[in-house]
Every structure is written in C-alpha cells, then in structure tokens.
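We count ligands from 1, going down the list as the structure has it; atoms in each ligand are counted the same way.
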Amino acid sequence: MRSISALVLAAISIAVASIPPKNDLKHQHFITRDVAIIGGGSAGTYAAIRLRQMNQSVVVIEKEDNLGGHVDTYTDPATGAAVDFGVLVYEDLPLVRSYFGHFNITLVKVAVAGNATQVRADLRTGTLVGPPPGGMLLALLRYTAQLTRYPWLNTGFNLPDPVPEDLLLPFGEFIRKHQLDGAVDIIAQFNQGVGDILNQTTIYMLKYFGLDVVQGLATGFVQAASHNNSELYGAAERELGPDALLNSQVVNTSSYGDEPWTYLEVASGGGVRIVRARRVIVAIPPKSDLLQALNPDERERRLFDQFQNTCYYATLAKIPGFPPNTMVVNRANETPYQLPPQPSIYLLSPKPGHLTSILYGSETPMTEAQVKQDITQRVLTLRNAGMPVDPPQFVAYSNHTPFLLTVSPDAIRNGFYDELNDLQGHRRRYYMSATMNTHDSAQIWTFIEHMLTEHFE
Ligand SMILES: *[C@@H]1O[C@H](CO)[C@@H](O)[C@H](O)[C@H]1NC(C)=O
Ligand SMILES: *[C@@H]1O[C@H](CO)[C@@H](O)[C@H](O)[C@H]1NC(C)=O
Ligand SMILES: *[C@@H]1O[C@H](CO)[C@@H](O)[C@H](O)[C@H]1NC(C)=O
Ligand SMILES: *[C@@H]1O[C@H](CO)[C@@H](O)[C@H](O)[C@H]1NC(C)=O
Ligand SMILES: *[C@@H]1O[C@H](CO)[C@@H](O)[C@H](O)[C@H]1NC(C)=O
Ligand SMILES: *[C@@H]1O[C@H](CO)[C@@H](O)[C@H](O)[C@H]1NC(C)=O
C-alpha cells in the first residue's frame with residue numbers, strides 16, 4: 001500500500017513543480033486533505049491521529065526522517081536495546097492512556113527518583129557540592145498552593161486582564177516572596193532548557209512545573225513498557241502511511257481569496273509536491289525565521305518576531321571510567337540555590353549499556369562542536385571528584401533548539417497572549433506547538449484536545 005502511494009506521489013511531484021497561478025489550478029494534481037499539519041513532533045502527530053479519529057483527512061509534513069520531535073531513541077548496537085535520551089516520561093492522565101491505548105502500547109508506571117547514587121558536583125571545577133537546603137516538601141506544598149490560585153494556567157495562555165503581577169516577576173523573586181526556596185532544587189532538575197531559571201518569567205516556570213507534574217512527583221509517571229519512547233511514533237507512522245511526508249519541508253504557500261484552500265509547496269527528498277488543504281496546523285515553534293515559507297502577514301509577523309528562545313541539547317555518550325549507576329547533578333557552591341551558571345550541563349544520568357545521557361542548556365545558540373567540547377571539558381573535571389573518567393565518546397546528539405519561546409513581561413502585561421490566541425483560525429491557520437502551552441507532551445496533547453474540540457468538530 002505504502003509503496004504504491006509513494007509512486008503515485010512521486011509521479012505527481014514530477015508533474016507539478018510549484019504552486020500554480022490561479023488560472024492554472026484546474027486539472028492539476030494535488031494532495032488534497034482537510035488538514036495539513038506542519039511538523040510531526042509530539043504536537044503534530046497527536047493532532048493527526050485525533051483528526052483521523054474525527055474523520056478528517058490529514059497530511060503531516062515533517063523535516064526529519066521520522067516522527068517524534070524531541071523524542072530521541074538510540075539503538076545500542078551492542079545489545080539492540082532502545083535507549084531514550086530525549087523525552088523520558090509522561091504524566092499519568094486518562095488522555096495519555098487513551099492515546100497509547102489507541103496503538104495498543106502498554107504503559108508502565110515509573111518513579112522519578114530511580115535508584116542511582118546522586119552526586120552533586122560543580123562541573124567547572126569538579127568540587128563536590130553539599131545537599132540542597134531542606135524543607136522541600138513544605139516548599140512544594142506552598143508552591144502547589146500558588147498553582148491552585150491560577151487554575152487557568154493549566155491549559156494554554158488564557159490570561160485574565162490584568163495579568164497578576166506575581167506571574168510576571170522573575171522566578172527568583174517569586175520564590176523569595178512566597179518562601180519557596182526549598183523547592184528550587186527539584187524544580188530546577190525538572191525545568192531544564194529554560195535559560196537562567198531565576199531570571200525567567202514566573203508564568204513560564206509555573207506552566208512547566210504544573211499541577212500534573214507535582215502529582216507525578218508524588219505518584220509516579222508512565223512510559224512505554226518497551227522503554228522505547230519512539231514506539232508511539234513508529235505506530236503513528238504505520239497508521240499514517242503515505243499521509244506522513246517525512247524528509248519534507250514547506251517551501252512556499254499561497255491561497256486565493258475566494259477559494260477555501262491553502263496551497264503548500266512541499267520539498268520532499270529532491271521532489272516537490274503540492275498539498276492543498278482546507279486548514280493548516282502549525283505544530284512547530286512559531287518563530288518568524290521558521291515560518292518564512294508560510295508567508296506570515298503583518299499581524300502574524302509582529303507577534304512571532306517578539307519571541308525569544310532558549311537552547312537545549314540532549315546527548316548520549318559512553319564515558320570510560322564513569323562509575324555505574326551514578327547520577328551527577330551539576331551544582332555550584334557560591335551561587336544562589338547552588339544553581340550552575342549557563343551554559344551548563346544539567347544532569348549526567350546512567351542509561352543501560354554503560355551509556356550516560358548528558359543534558360545541556362544555553363541561553364544563546366551553540367554549534368554541536370561547541371556543545372560537545374564544553375561537555376567534554378566539564379566531564380573531565382570529575383577526575384577532581386575522584387572519578388577516573390576519560391573524555392566522553394558521543395554516540396548520539398539531538399538539538400532541541402529553539403526550545404522555550406518567551407516574550408517579555410511587558411508584552412504579556414500588554415495582552416500579547418490574547419493577540420496570539422486570536423490568531424487561531426486567522427487565514428485558516430491554527431497554532432498547536434509547545435509554545436502555545438508548555439514543553440511537556442501530555443500538556444501539549446491536552447491543549448490540542450481543547451483546540452480540536454473548539455475549532456475542528
Ligand atoms: C510562491 O508561490 C506564489 C504563487 O504561485 C508565487 O507567486 C511566488 O513567486 C512563490 N514564491 C516563491 C519564493 O517561490
Ligand atoms: C467516522 O466515520 C465512521 C465511518 O463512517 C463512523 O462510524 C464514525 O462514527 C465517524 N466518527 C466520527 C467522530 O464522526
Ligand atoms: C524503537 O521503536 C521504533 C519505532 O517503532 C523502532 O523503529 C526502533 O527499532 C525501536 N528501537 C528498538 C531498539 O527496539
Ligand atoms: C489494537 O488491538 C485491537 C484489539 O485486539 C485491534 O483491533 C487493533 O487493530 C489494534 N490496533 C493497533 C494499532 O494495533
Ligand atoms: C536499579 O534499577 C535498575 C533498573 O531500573 C535495575 O536494573 C538495577 O538492578 C537497580 N539497582 C539496584 C542496586 O537496585
Ligand atoms: C532577565 O530577564 C529580563 C526579562 O525577561 C531580561 O530583560 C533581562 O535581560 C534578563 N537579565 C539577565 C541578566 O539575564
């Protein structure tokens with residue numbers, strides 16, 4: 001089935017090289033769908049599967065050769081085992097269970113802590129760092145009480161006017177104001193990839209470490225029993241078949257005022273196809289540079305241009321001499337809450353097959369070589385902590401940049417998110433990436449459920 005369709009599509013791609021002018025639209029061959037979805041990560045894949053259940057035809061346009069976005073799974077050639085080093089776990093919500101259930105993928109409960117020995121070290125020097133200040137549980141309770149004051153934070157950015165000033169404080173000030181100091185260490189372990197967490201605007205941190213995550217800390221998360229997070233996306237690829245255009249990118253868009261269609265020129269592995277869709281879902285970060293091919297209008301561009309982003313990198317390495325079953329948390333002795341200055345490693349975590357996952361964050365973009373070089377230098381400081389390590393041998397690398405998209409507190413105060421929400425449906429385009437909610441698959445899916453119910457039923 002799949003190969004025949006692929007052949008047909010290949011034939012079409014030869015026939016049509018670019019979006020035809022309006023007069024030539026008749027007698028052209030298009031991939032005609034109810035919905036074209038740009039991006040096959042967590043958001044785009046979920047939207048595609050749910051829309052199919054709602055009897056709408058879809059096509060997913062994904063630039064990589066597989067669906068899954070920030071889900072990174074390495075196959076260890078030594079053992080054949082799957083090793084996840086990107087997205088790891090999901091909150092245990094009915095929606096998560098029902099999505100995995102659709103593909104008959106069994107979930108197992110996982111505790112967060114695991115059983116690895118935790119070492120806290122300053123990876124600038126290899127000096128050991130003491131335990132975090134106590135009082136975590138009480139601080140988490142106070143934190144939860146804060147979250148429950150703002151139930152509308154749970155899904156999307158439907159903010160009241162005025163936006164509570166507390167939510168616009170730098171997170172460090174919010175912490176001091178509400179005596180949440182004891183919770184900083186655990187929140188910083190979760191809220192990775194956000195730049196300087198103490199200077200990050202509070203609203204983004206509360207959305208990232210939300211009620212479902214607090215609940216997960218207490219009662220556990222879920223993951224596929226196979227310990228292969230790509231299993232979900234493999235199953236989605238099989239279901240979508242030729243409706244998943246992999247290695248594909250939109251290169252131009254057009255629409256003609258009196259027609260219900262958006263035409264997308266899609267470059268796929270050397271060929272070009274024209275997708276004609278009634279609606280378009282943008283499931284990639286809405287930054288102007290990434291959306292050039294969608295020809296953003298004035299109003300869209302003005303909003304997208306305001307986004308700043310942080311940078312986040314996931315790597316997997318063999319570190320000779322690294323002690324087994326050990327987790328290294330990067331901390332510092334002389335900084336507030338012992339948090340390491342950026343750019344920095346977050347964690348070194350043990351993985352099956354003597355592999356170590358190394359997560360790394362930066363406020364400004366870095367090249368792969370720079371990330372690996374800095375990681376190497378910092379890992380080698382562990383020799384001063386008594387670990388006889390050799391330089392890491394990287395086996396996998398994944399760039400999750402642009403990661404967190406934020407706008408300034410002033411912009412939020414002045415109604416940025418109302419304007420962004422008003423874009424939903426503008427020019428028959430809908431925005432459903434993590435940016436519209438938070439960087440957490442279960443929360444992204446929850447947001448999309450709301451969007452599909454509101455706009456696509
Ligand atoms: C995009 O398509 C339109 C309509 O066919 C065309 O006029 C325009 O030149 C194209 N732009 C690019 C950059 O190819
Ligand atoms: C989708 O179509 C099938 C077959 O026509 C039908 O049984 C089902 O009820 C429809 N589902 C929805 C959500 O419309
Ligand atoms: C993990 O799942 C993906 C998608 O089904 C599959 O392609 C891959 O081979 C699996 N990896 C392992 C090691 O089983
Ligand atoms: C899941 O299992 C049900 C019942 O055995 C079956 O009908 C369905 O086709 C399966 N779905 C997938 C995606 O394997
Ligand atoms: C720690 O957990 C891993 C997998 O979760 C298991 O294989 C290992 O035996 C455990 N080690 C100890 C010391 O309990
Ligand atoms: C802290 O955040 C504010 C607002 O987001 C930003 O303008 C400022 O440059 C940041 N300061 C530092 C030191 O990163």
Side-chain angles (χ1 to χ4, degrees), residues 1-2 15-26 28-30 36 38 40-42 45-46 48-50 52-53 60 62 64-88 90 97-108 223-241 243-244 246-247 249-259 261-267 271-277 280 288-297 301 316 351-353 355 357 395-396 398 427 441:
M1 280 294 280
R2 187 168 175 164
V16 180
S18 62
I19 302 168
K22 179 144 201 260
N23 298 339
D24 293 351
L25 287 176
K26 275 186 197 129
Q28 293 280 5
H29 295 282
F30 302 109
I38 301 175
S42 171
T45 304
Y46 185 83
I49 298 299
R50 289 291 289 119
R52 282 170 51 88
Q53 290 172 339
V60 178
E62 166 56 44
E64 302 294 331
D65 64 2
N66 62 295
L67 300 178
H70 293 174
V71 169
D72 299 306
T73 307
Y74 171 73
T75 303
D76 186 348
T79 59
V83 183
D84 281 310
F85 65 101
V87 173
L88 297 179
Y90 303 88
R97 291 199 171 262
S98 126
Y99 187 33
F100 281 82
H102 169 74
F103 297 112
N104 297 333
I105 298 175
T106 309
L107 289 170
V108 291
Q223 92 185 139
S226 62
H227 294 274
N228 176 355
N229 275 325
S230 290
E231 192 184 355
L232 177 71
Y233 293 95
E237 274 174 41
R238 279 191 297 281
E239 175 174 329
L240 290 168
D243 289 343
L246 303 175
N247 301 305
Q249 265 182 291
V250 177
V251 294
N252 193 8
T253 316
S254 93
S255 54
Y256 302 100
D258 51 346
E259 281 209 344
W261 303 105
T262 299
Y263 296 85
L264 302 165
E265 184 179 335
V266 178
V272 173
R273 298 153 184 194
I274 305 297
V275 169
R276 181 174 78 161
V280 174
S288 287
D289 54 338
L290 299 180
L291 300 186
Q292 279 307 342
L294 290 180
N295 304 324
D297 68 12
R301 192 179 296 279
L316 191 66
K351 293 285 170 180
L355 290 164
S357 112
V395 299
S398 177
R427 301 207 290 158
S441 288

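- With hydrogens left out, the protein atom closest to atom 5 (O) of ligand 1 is I19 O, 2.8 Å, a heavy atom.
- Residues L294 and I38 form a side-chain contact, since some pair of their non-hydrogen atoms from C-beta on lies under 4.5 Å apart.
- Between T253, N252, N295, it is N252 that holds the heavy atom closest to atom 12 (C) of ligand 1.
- For H102, the closest heavy-atom approach to ligand 4 falls below 4.0 Å.
- For atom 4 (C) of ligand 1, the closest heavy atom belonging to the protein is S254 OG, 3.8 Å.
- Side chains of L246 and V60 form no contact here, defined as non-hydrogen atoms less than 4.5 Å apart.
- Residues N252 and N295 form a side-chain contact, since some pair of their non-hydrogen atoms from C-beta on lies under 4.5 Å apart.
- Among all protein heavy atoms, the one lying closest to atom 10 (C) of ligand 4 is N104 ND2, 2.3 Å.
- Side-chain atoms of F100 and Y90, non-hydrogen and from C-beta on, do get closer than 4.5 Å to each other.
- Distances below 4.0 Å separate heavy atoms of E231 from the following atoms of ligand 3: 2 (O), 5 (O).
- Using modelled atom types, one side-chain atom of E62 and one backbone atom of E64 make a donor-acceptor pair closer than 3.5 Å.
- Close approach to G80 involves these atoms of ligand 3, each under 4.0 Å from a residue heavy atom: 13 (C).
- The distance criterion of under 3.5 Å between nitrogen or oxygen atoms is not met by T73 with respect to ligand 3.
- Atoms of ligand 3 lying under 4.0 Å from any heavy atom of A82, numbered from 1 in the order shown and given with element: 12 (C), 13 (C).
- Numbered from 1 in the order shown, with element, the atoms of ligand 3 that lie under 4.0 Å from a heavy atom of A81 read 13 (C).
- Counting only distance, with no hydrogens or angles, the side chain of N229 and the backbone of D84 share no donor-acceptor pair below 3.5 Å.
- When distances from atom 14 (O) of ligand 1 to the protein are checked, a heavy atom turns up under 4.0 Å.
- For atom 7 (O) of ligand 3, the nearest protein heavy atom is 4.0 Å or more away.
- Looking at T253, its side chain does come within 3.5 Å of a backbone N or O of A293 through a donor-acceptor pair.
- Ring to ring, F85 and Y74 are not that close: their centroids are 6.0 angstrom or more apart.
- Within the set N228, T79, D76, the minimum heavy-atom distance to atom 2 (O) of ligand 3 is found for N228.
- Side-chain contact between L67 and L240 is present, with heavy atoms from C-beta onward closer than 4.5 Å.
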